[in-house]
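Lettering of chains follows the sequences in order, A, B, ..., and the numbering in each one begins at 1. The structure presented is a predicted model; accordingly, all values stated were derived computationally and were not measured.
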Amino acid sequence: MPTRLSIAVPDDFDLPRDACSYGYFLLAPNLWNPDDLSLSRPLDLDGGPAKVRIRQPSRPGGPLRVDTDRTLDPAERAEVRAQVTRMLRLDEDASHAARFHSLDPRFKESGRFRLFRSPTLFEDVIKTVTSCNVTWTSTILMNRRLCECFGRGGSFPTAPRLARTPPALLRGRCSVGYRDRRIVEIARLFTGRAITTGATPRRIPPVDAQTLESPATTDQAVLDSLLALPGIGPYAAANIMQLLGRYSRLPLDTESVRHGKTILGFKGSPAQVMKRVREHFVPMGDQAFRSYWFELWRFYESRHGPAWTWRRDSTGRLFTSAHLST
DNA sequence: GGTAGACCTGGACGC
DNA sequence: GCGTCCAGGTCTACC
């Protein structure tokens, strides 16, 4: 027997705009359907996996209608509410929008300020690792296989599941390459265990997700904790920080260089262009990433149409340098 | 502190 | 169909 939940949202919330706002909405197990404007995916709940389908019949501001494929008990309903709230950043309201739009009024009319993310920090971290040093098509593949091979009911694999997976098996089944060991080590850290790793062995304390998610923790403390994780460098740490709602740092990569050259008109070596891109967004202060990202996103939409029209298995595969370079 | 090279995979390209 | 080259961020060794 399916369960239907109704979740209240901020007045401005618009599901197609706010769900299709960051590339992870195109990665498994997420599935955006442009035909009926719904977001579907399995969620791993205490009582087992459950598929959810999220719609917003009355937009903007109307409550979300969340349908599941099985009956949920009260505790599981609370879990779904918490995970949907995290994914869609329902806790970011008009005050967050005003803060961003006062610094960058270009996006006031569209109302863009929310950035899609995963239902758990662990999924965000692993998705970030799978996006490093690969083309977008490989990132798509890795996430699909992780869900198919190690997720319950097609959901994203949990930390305990990946923590007990042999790295070679992960590599063989999911094409994660040399990231195999790093992913397993991160999973172990998320299960509350410390590890010792590296060519010059160093001890890494367990990840305290609650502290990382807490607004009371300083940006510097979060950054230091993230950089200590295996496979997490400056780019990945900055990206995870924006996924944690901390927008002052830019995850600069080769895509930033392309953007700096073609859209912002900067010249020079990749390192010089990156430096100029970073400086360009300094005036945006603690909203720098939002300003940078929605500028980038606007470029993608100019190429491929509004993001809510993109399909995971067609348009969603086109975000490679070959398709984006001018 | 700065930097070159290794790490892997999928895709593009030439034959 | 096969071989080669390239893109991509992090880690390590070395200067």
Side-chain angles (χ1 to χ4, degrees), chain A residues 22-24 26-28 124-150 162 165-190 195-204 207 222-243 249-262 268-275 277-278 289 292-293 296 299-300 303-304 312-326:
Chain A
Y22 189 66
Y24 289 4
L26 295 165
L27 296 179
D124 273 339
V125 170
I126 299 302
K127 276 185 157 55
T128 300
V129 169
T130 65
S131 73
C132 289
N133 200 30
V134 284
T135 55
W136 181 242
T137 44
S138 293
T139 303
I140 291 173
L141 188 66
M142 283 186 231
N143 279 275
R144 199 184 77 204
R145 289 185 178 163
L146 280 169
C147 297
E148 287 172 356
C149 301
F150 299 105
L162 290 182
T165 301
L169 186 64
L170 200 58
R171 178 184 297 217
R173 293 199 180 167
C174 304
S175 301
V176 296
Y178 63 85
R179 299 163 198 78
D180 56 355
R181 195 172 149 197
R182 296 173 185 176
I183 288 173
V184 172
E185 287 177 339
I186 289 172
R188 286 178 181 158
L189 290 166
F190 267 82
I195 63 165
T196 300
T197 188
T200 309
R202 62 188 174 107
R203 182 184 181 278
I204 306 175
V207 170
V222 171
L223 180 67
D224 291 343
S225 297
L226 294 173
L227 288 173
L229 302 179
I232 303 296
Y235 163 82
N239 192 56
I240 295 166
M241 288 189 75
Q242 69 85 6
L243 291 162
R249 289 174 183 277
L250 300 185
L252 296 178
D253 56 6
T254 52
E255 182 56 8
S256 317
V257 175
R258 183 203 58 72
H259 186 73
K261 283 183 174 174
T262 61
S269 68
Q272 289 169 326
V273 172
M274 268 198 202
K275 185 167 177 283
V277 171
R278 185 178 287 108
F289 178 77
Y292 160 79
W293 181 256
L296 206 61
F299 169 73
Y300 296 158
R303 287 298 190 87
H304 301 297
R312 186 174 76 179
D313 299 322
S314 53
T315 328
R317 301 176 67 85
L318 297 177
F319 297 88
T320 62
S321 58
H323 286 103
L324 293 171
S325 58
T326 53

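Going from atom CZ of A:Arg258 over to atom C1' of C:dC6 covers 18 Å, rounded to whole Å. A straight line from CZ of A:Arg181 to C1' of C:dT10 spans 14 Å, rounded to a whole angstrom. For the pair A:Met274 CE and C:dG8 C1', the interatomic distance rounds to 11 Å; values are reported in whole Å. At whole-Å resolution of the value, CD1 in A:Ile183 and P in C:dG9 are 16 Å apart. Protein atom CD of A:Glu255 is 10 Å distant from nucleotide atom P of C:dG9, rounded to whole Å. What separates CG of A:Leu170 from P of B:dC7 is a distance of 19 Å, to the nearest Å. The interatomic distance linking A:Ile204 (CD1) with C:dC11 (C1') rounds to 12 Å, in whole Å.
Comparing atom distances between the A:Ala236 side chain and each of C:dG9, C:dT10, C:dG8 picks out C:dT10 as nearest. Comparing B:dG10, C:dG9, C:dA13 by their nearest atom to the side chain of A:Thr137 picks out B:dG10. Set against B:dG10, C:dC11, B:dT9, the side chain of A:Ser138 has B:dG10 as its closest nucleotide. Among C:dG8, B:dT9, B:dC7, the nucleotide with an atom closest to any side-chain atom of A:Tyr178 is B:dC7. Listed nucleotides B:dC7, C:dT10, B:dT9 differ in distance to A:Ser175; the shortest reach to its side chain belongs to B:dT9. Set against C:dG8, C:dT10, C:dA13, the side chain of A:Ala199 has C:dA13 as its closest nucleotide. Closest approach to the A:Thr135 side chain among C:dA7, C:dA13, C:dG9 is made by C:dA7 (side chain taken as heavy atoms from C-beta onward).
Residue-level contact check: A:Arg144 touches neither bases nor backbone, having no heavy atom under 4.0 Å from any strand.
Here the shortest heavy-atom pairing between A:Arg173 and A:Arg145 reads O-CD, 3.2 Å.
Here A:Leu223 contributes atom CG and A:Ile240 contributes atom CD1; the two are 10.0 Å apart, rounded to the nearest 0.5 Å.
If you check the side chains of A:Tyr22 and A:Asn239, you find a donor sitting under 3.5 Å from an acceptor. A:Tyr24 and A:Thr128 share a donor-acceptor pair across their side chains, judged by distance under 3.5 Å alone.
Nearer the 5' end of DNA chain C, as judged by each residue's closest nucleotide, is the contact made by A:Val134, out of A:Thr197 and A:Val134. Toward the 5′ end of DNA chain C lies the nearest nucleotide of A:Cys132, the other residue of the pair A:Gly198 and A:Cys132 mapping further downstream.
Under 4.0 angstrom from either OP1 or OP2 of B:dC8 there lies at least one side-chain N or O belonging to A:Arg171.
Residues from residues 225-232 of chain A placing a heavy atom under 4.0 Å of any atom in DNA chain C, listed by number, are A:Leu229, A:Pro230, A:Gly231, A:Ile232.
Salt bridge status for A:Arg188 with A:Glu185: absent, with no side-chain N to carboxylate O gap under 4.0 Å.
The environment of A:Arg312 atom CZ is dense: over 12 non-hydrogen atoms of other residues, nucleotides or ligands sit within 6.0 angstrom.
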